[in-house]
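First the structure, in the form of structure tokens, and then the observations on it.
Chain A is the first sequence line, chain B the second, and so forth, proteins listed ahead of strands; every chain is numbered from 1.
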Amino acid sequence: MDTSNLKDCLDSLFERFMAESSIFINKDVLSHDFIPEVLPHREKEIFRLASILAPSLKGEKCSNLFIYGKTGTGKTAVSKYVLARLEKKSLKLQGRVKVCYVNCRLAGTEYRVTASLCSALSLQIPFTGLSTAEVLNRLFKRLSQLGVYLVVVLDEVDELVKGYGDRLLYELTRSNSLLSKGKISLVGISNDLYFKELLDPRVLSSLSEEEIVFKPYTASQIKDILLQRAKMAFKPGSLPLSTLNLCAALAASEHGDARRALDLLRVAGEIAEREGATKVEERHVHEAQRKIEHDRTVEVLASLPLHSKILLAVLYFNGKPKLKGLTTGELYEGYVSLCRKAQVEPLTHRRVSGLLSELDMLGVVEARLVSLGRYGRTKKIQLKIPKKTLEKAFLEDVYFASLTENGELA
DNA sequence: CGTCCACAGGAATGACGGGCGG
DNA sequence: CCGCCCGTCATTCCTGTGGACG
């Protein structure tokens with residue numbers, strides 16, 4: 001492409017980008033972290049959570065609680081919503097309530113979770129250098145110094161406990177008996193029901209003084225949620241009701257995941273927009289479903305270790321597609337020869353077997369255990385994802401791209 | 001009906017790297 | 001800052017096993 005051509009190209013790209021959207025008014029309201037003014041079908045949960053946390057406004061100790069429910073059931077939205085209201089009310093009443101929302105998975109470590117709590121009390125903590133215990137000390141000191149009531153929401157708290165144990169939770173629940181002034185209330189959110197088994201009984205009993213379970217949304221509830229958002233997100237007339245219904249139905253069939261429904265709606269809108277269509281049609285939704293699935297798979301594939309990728313490459317270049325998959329032996333043979341070509345030291349049979357189980361678990365391949373009687377017992381291994389998806393993922397991989405360019409694999 | 005193939009997959013062990021406590 | 005400990009990845013060695021074949 002010569003320069004002037006490129007210039008034209010970019011010009012038109014920018015212009016199209018700047019031009020008013022044919023579909024959206026405000027796409028942001030379809031994103032995960034948008035919290036609307038009203039949360040349909042979660043009134044009971046909001047009320048329940050608010051009544052548990054309300055005593056904090058009078059400085060009275062309120063129960064710690066534990067919220068669980070599957071993804072996309074509104075746990076995060078409800079707790080952020082209530083926290084925001086609580087904070088607002090406290091400001092108005094000149095109360096002494098401070099709130100803090102932390103996503104433990106995003107924060108990552110005990111240290112960073114604790115540091116986030118500090119920053120809610122406007123206490124600066126260095127990125128590193130202190131021990132977690134020291135940060136906790138500073139937090140408690142600050143808390144009693146200010147004499148405030150800190151309401152903490154620990155989202156995806158199971159991730160923290162799986163990685164670091166329940167020590168931090170223990171320290172936090174224990175703190176109230178140590179502090180003369182200032183208190184902490186904890187709200188733990190998890191989508192893993194069995195998470196509770198990881199907790200020390202003392203922590204468990206203190207954290208789950210109250211419990212709220214979020215049930216999956218039904219199809220019609222998801223529809224209401226979508227309707228509310230669609231009014232804000234889409235131009236009038238650009239989103240037919242039938243399209244919206246389809247999104248709701250698809251998401252409902254997948255354990256009532258509202259987040260999924262919003263994703264579908266947004267991506268479908270983006271696809272329609274890119275097409276230059278004036279309406280989001282049902283086919284756009286189906287396209288969106290494929291795209292979301294595709295993107296997710298590409299992401300999974302890209303993060304795979306090298307040797308798993310080599311295994312997939314063997315399956316990809318498998319010469320006999322008619323046959324129902326390769327046996328473990330055949331796959332291993334192909335794997336070793338591909339390793340030779342790529343100048344990589346092959347792993348042992350045992351290890352490959354382990355990698356294969358991982359791929360099976362991820363749903364990337366299917367490995368059925370079969371017995372060939374006299375001729376042994378093995379697994380029949382088959383690719384379970386579209387070859388196109390695999391190509392996309394591999395071409396993004398620098399290492400593999402260079403191999404295929406040399407034509408070595410083909 | 002026993003054998004024996006071609007693996008599955010558990011247990012123990014080692015190399016390595018990164019984070020945590022002192 | 002250093003040593004220690006822990007988790008991850010990989011190897012080695014091992015026992016277990018469904019069923020066609022002789």
Quick one: is A/Lys379 getting a side-chain N or O under 4.0 Å of the B/dA6 phosphate, OP1 or OP2?
no
Salt bridge present between A/Arg48 and A/Glu45 (N-O < 4.0 angstrom):
no
Integer-rounded Å distance: C/dA10 C1' and A/Leu306 CG
14 Å
What is the distance, to the nearest angstrom, from the CD1 atom on A/Ile381 to the P atom on B/dG9?
11 Å
Apply ring-ring contact (aromatic ring centres under 6.0 Å, His included) to the pair A/Phe24 and A/Phe234, showing each step before the final yes or no.
CA-CA 4 Å; A/Phe24 292 113; A/Phe234 289 92; 5.1 Å; yes
Please confirm whether the shortest side-chain N or O distance from A/Thr348 to OP1 or OP2 of C/dT12 is below 4.0 Å.
no
Is the backbone of A/Glu37 close enough, under 3.5 Å, to the side chain of A/Tyr81 for a donor and an acceptor to pair up by distance?
yes
I want to confirm an ordering. Mapping A/Arg374 and A/Leu356 to their closest nucleotides on DNA chain B, which one lands closer to the 5' end?
A/Arg374
Looking at A/Thr378, I'd like to know whether one of its side-chain N or O atoms comes within less than 4.0 Å of OP1 or OP2 on B/dA6.
no
Whole-Å distance between C/dT17 C1' and A/Arg377 CZ?
4 Å
Rounded to whole Å, please give me the gap between NE2 in A/His307 and P in C/dT8.
19 Å
Donor-acceptor check, side chain of A/Ser79 to backbone of A/Lys75, threshold 3.5 angstrom: yes or no?
yes
Whole-Å distance, A/His349 NE2 to C/dC13 C1', equals 15 Å
Can you measure A/Leu326 atom CG to B/dC7 atom C1' for me and round it to whole angstrom units?
15 Å
Would you call A/Glu275 and A/Arg283 a salt bridge, taking side-chain N to carboxylate O under 4.0 Å as the test?
yes
Under 3.5 Å, is there any donor-acceptor pair linking the side chain of A/Arg350 to the base of B/dG10?
yes
Separation of B/dA8 P from A/Tyr375 OH (nearest whole Å)
19 Å
Any N or O donor-acceptor pair linking the side chain of A/Arg351 to the base of C/dT11 at under 3.5 Å?
no
CZ of A/Arg368 versus C1' of B/dC7: gap in Å, rounded?
16 Å
